[in-house]
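Chain letters run A, B, ... following the sequence lines, proteins first, then strands; residues in each count from 1.
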There are 2 protein chains.
Amino acid sequence: MDKPVATTRIQKRNVSIISEAALEVFSTYGFRGATVDQIAREAGLSKPNLLYYFPSKEAIHSHLLTTLMDVWLAPLRDLDASGEPLEEVLAYVRRKLELSRQRPRESRLFANEIVQGAPHILELLSTELKDLVDEKAAVIAGWMDAGRLAKAHPYHLIFSIWSLTQHYADFDVQVRAVLGPKVKDPTREAGEYLEVLFTRMLKVD
Amino acid sequence: MDKPVATTRIQKRNVSIISEAALEVFSTYGFRGATVDQIAREAGLSKPNLLYYFPSKEAIHSHLLTTLMDVWLAPLRDLDASGEPLEEVLAYVRRKLELSRQRPRESRLFANEIVQGAPHILELLSTELKDLVDEKAAVIAGWMDAGRLAKAHPYHLIFSIWSLTQHYADFDVQVRAVLGPKVKDPTREAGEYLEVLFTRMLKVD
DNA sequence: GCCGCATTTGACCAAAAGGTCAAAGCCACG
DNA sequence: CGTGGCTTTGACCTTTTGGTCAAATGCGGC
């Protein structure tokens with residue numbers, strides 16, 4: 001299940017090459033759809049060599065998922081209870097959207113996993129993820145109670161931020177198909193739109 | 001690629017049984033992750049019998065996607081240019097959310113397909129889907145120009161409705177993991193939240 | 001109740017997939 | 001510059017998978 005503890009220089013390099021290749025392949029085809037041969041080819045290694053660094057396909061996948069979970073949650077972690085409420089939420093939206101733009105493969109990796117019922121990380125969702133959301137939802141609820149933010153369901157507010165920002169990574173092909181080839185950077189337009197959306201939603205008059 | 005023209009009673013019944021089973025399996029495991037044996041088992045048929053009705057796994061999948069596309073777009077089709085703008089948009093949101101609640105498998109079928117780059121329906125997205133969205137975005141833009149709806153990017157408004165409503169079907173396990181077992185019907189809460197969100201977003205003062 | 005066509009199936013096949021293994025190659029350190 | 005452990009690989013194994021086929025079964029109209 002675990003990656004070997006990378007001690008030597010070669011180990012570090014190869015574990016990282018494999019992770020990169022696996023991210024590419026898993027995010028495109030999902031767990032079941034990806035093949036070890038494909039990952040090995042992408043990494044420029046032979047299959048037995050790849051399996052020398054990770055004991056199984058599952059192990060690579062779960063290594064990716066757990067490693068990237070932190071990256072994925074960082075923007076929410078950075079939501080600062082002592083900041084100015086509306087600006088804090090908007091900054092969170094911006095960070096999350098930026099992450100979607102810069103790391104669409106990570107977004108799709110999680111999307112594939114969760115759409116298919118999160119068989120490999122269900123545990124993490126109801127512990128690490130839930131705990132963090134509980135904490136931040138409480139912060140947001142506090143701001144609302146204090147009249148510093150318009151009232152709304154804090155959990156669903158967070159869900160809506162996830163949903164909207166990740167949409168532009170996960171459903172990229174659909175967004176581009178609908179907007180047509182003229183729009184070069186859908187995510188930039190999205191940024192402007194989301195700024196407006198959450199401002200109107202949360203600003204206290 | 002196509003399902004056989006179902007003429008006899010038995011053909012109609014079996015094509016429909018297979019479609020139902022395939023929807024269940026494809027929506028859970030994605031195209032590559034689903035197996036023909038699995039679909040056959042779910043349908044209560046032998047594999048060769050199933051392949052008597054559809055020439056290949058691909059054929060079943062693309063039959064589902066094209067058949068269900070209409071169902072999926074119906075709520076948007078029903079957006080009525082002659083209705084009251086805000087109420088029309090809110091009604092659209094309600095219809096779409098209701099569809100997510102009642103047909104989550106269809107939602108996940110499309111989600112799987114699109115997250116993986118829409119290899120089987122890219123064509124449909126840039127024709128049928130794009131045409132419909134172009135038409136309805138124009139209606140919405142018209143309302144905004146007439147001052148009957150607060151201004152916002154019409155295409156991204158539609159994307160945000162898709163994103164938010166489908167989130168509760170596609171990411172159901174995540175939503176439930178975060179909300180905990182006490183919340184029995186996340187989609188109901190979501191309905192109230194989305195009503196507020198789009199009202200604040202679109203209402204003209 | 002018989003015929004022809006629709007339907008069903010067990011047995012089979014080739015390709016692809018995850019994974020193993022023993023042997024060979026390579027590198028670093030004494 | 002040789003040795004011991006790290007790294008790499010070709011060959012191989014088993015299981016799974018999509019798909020085929022000839023033969024058997026069943027159904028509806030005459």
Side-chain angles (χ1 to χ4, degrees), chain A residues 1-65 112-113 116 119-120, chain B residues 1-65 112-113 116 119-120:
Chain A
M1 265 310 189
D2 292 291
K3 73 156 198 278
V5 206
T7 47
T8 79
R9 180 171 37 90
I10 294 179
Q11 273 169 31
K12 271 179 200 150
R13 183 178 50 99
N14 281 346
V15 165
S16 127
I17 286 178
I18 293 169
S19 299
E20 162 67 22
L23 174 58
E24 182 71 27
V25 175
F26 280 133
S27 68
T28 307
Y29 301 105
F31 179 72
R32 288 233 224 167
T35 74
V36 176
D37 289 274
Q38 224 177 340
I39 298 171
R41 212 178 316 132
E42 180 83 23
L45 299 174
S46 68
K47 182 166 65 168
N49 197 11
L50 183 151
L51 289 169
Y52 170 74
Y53 290 99
F54 289 88
S56 70
K57 180 184 172 185
E58 278 246 8
I60 310 175
H61 190 244
S62 89
H63 168 60
L64 276 186
L65 248 19
N112 266 304
E113 171 70 6
Q116 302 191 0
H120 306 95
Chain B
M1 267 308 190
D2 294 290
K3 73 155 196 281
V5 209
T7 47
T8 77
R9 179 169 40 90
I10 293 178
Q11 272 171 32
K12 272 180 203 152
R13 181 176 53 98
N14 280 348
V15 165
S16 128
I17 285 177
I18 293 169
S19 299
E20 162 67 22
L23 174 59
E24 182 71 27
V25 176
F26 280 134
S27 68
T28 308
Y29 300 104
F31 178 72
R32 287 232 225 170
T35 74
V36 177
D37 289 274
Q38 224 176 338
I39 298 171
R41 211 178 316 130
E42 180 82 25
L45 299 175
S46 68
K47 182 165 63 166
N49 197 10
L50 184 151
L51 289 169
Y52 169 74
Y53 290 100
F54 289 88
S56 71
K57 180 184 173 184
E58 278 246 9
I60 311 175
H61 190 244
S62 88
H63 167 61
L64 274 186
L65 285 176
N112 267 303
E113 170 70 7
Q116 303 193 0
H120 305 94

Novice: What integer distance in Å separates B:Y29:OH from D:dG18:P?
Specialist: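 In whole Å, D:dG18 P lies 14 Å from B:Y29 OH.
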
Novice: Pick the closest DNA chain C nucleotide for A:I10 and for B:N49 by heavy atoms, then say which residue is nearer the 5' end.
Specialist: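 Checking each residue's closest nucleotide, the 5'-ward one belongs to B:N49.
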
Novice: Could you tell me how far apart A:K47 (NZ) and C:dT20 (P) are, to the nearest whole angstrom?
Specialist: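 Rounded to the whole Å, the gap is 11 Å.
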
Novice: Return no unless some side-chain N or O of B:Q11 is found under 4.0 Å from OP1 or OP2 of C:dT7.
Specialist: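 Yes, within the criterion.
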
Novice: Going by the ring pair (Phe, Tyr, Trp, His ring centres under 6.0 Å) test, name the single residue among A:F54, A:F31, A:Y29 that passes it with A:H61.
Specialist: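 Going through the options one by one, the only one that passes is A:F31.
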
Novice: It should be established whether A:Y52 places a side-chain nitrogen or oxygen under 4.0 Å from OP1 or OP2 of nucleotide D:dT7.
Specialist: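 It does, given that an N or O in the side chain of A:Y52 lies less than 4.0 Å from OP1 or OP2 of D:dT7.
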
Novice: What contact category does B:R32 fall into here, base, sugar-phosphate, or nothing, at under 4.0 angstrom with non-hydrogen atoms?
Specialist: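 Touches nothing.
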
Novice: Tell me whether the side-chain N/O atoms of A:N14 come closer than 4.0 Å to OP1 or OP2 in D:dT8.
Specialist: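 Checking D:dT8 against A:N14, a side-chain N or O does come within under 4.0 Å of OP1 or OP2.
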
Novice: Between B:I18 and B:A43, which heavy-atom pair has the shortest distance, and what is it?
Specialist: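 Reported closest heavy-atom pair: CA-CB, 4.4 Å.
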
Novice: Whole Å only: how far is the CG atom of B:L51 from the C1' atom of C:dG10?
Specialist: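 In whole Å, C:dG10 C1' and B:L51 CG are 15 Å from each other.
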
Novice: Rounded to whole Å, please give me the gap between CZ in A:F26 and P in C:dG18.
Specialist: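 So the two atoms are 9 Å apart, to the nearest Å.
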
Novice: If you apply the rule side chain to side chain contact (heavy atoms under 4.5 Å, CB included), what do you find for A:I10 with A:Y53, and how did you get there?
Specialist: CA-CA 11 Å; A:I10 294 179; A:Y53 290 99; 3.7 Å; yes

Novice: The side chain of A:S46 lies closest to which of these nucleotides: D:dT9, D:dG18, C:dA17?
Specialist: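 The answer is D:dT9.
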
Novice: With rounding to the nearest 0.5 angstrom, report the NZ to OG1 distance, B:K57 to B:T35.
Specialist: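 Reported value, rounded in 0.5 Å steps: 7.0 Å.
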
Novice: Tell me, with the steps shown, if A:I60 and A:F26 meet side chain to side chain contact (heavy atoms under 4.5 Å, CB included).
Specialist: CA-CA 10 Å; A:I60 310 175; A:F26 280 133; 4.1 Å; yes

Novice: Think A:R9 has a side-chain N or O under 4.0 angstrom from the OP1 or OP2 of D:dC6?
Specialist: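 Checking A:R9 against D:dC6: no side-chain N or O falls below 4.0 Å of OP1 or OP2.
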
Novice: NA contact type, B:A40, heavy-atom cut-off 4.0 Å: base, sugar-phosphate, or nothing?
Specialist: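 Touches nothing.
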
Novice: Can you check the A:L45 CG to D:dT7 P distance for me, whole Å?
Specialist: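 To the nearest whole Å, that distance equals 12 Å.
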
Novice: Just how far, in rounded Å, is P of C:dG18 from NZ of A:K57?
Specialist: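 Rounded to the whole Å, the gap is 4 Å.
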
Novice: Given atom OH of A:Y53 and atom P of C:dG19, what is their separation to the nearest angstrom?
Specialist: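 Roughly 18 Å, once rounded to whole Å.
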
Novice: Taking atom P of D:dC27 as reference, at what distance in whole Å does atom CZ of B:R13 sit?
Specialist: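 Distance check: B:R13 CZ to D:dC27 P gives 10 Å.
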
Novice: Using heavy-atom distances to pick each residue's nearest nucleotide on DNA chain D, tell me which of A:L50 and B:V36 is more 5'.
Specialist: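 First, find each residue's nearest nucleotide; the 5'-ward one identifies A:L50.
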
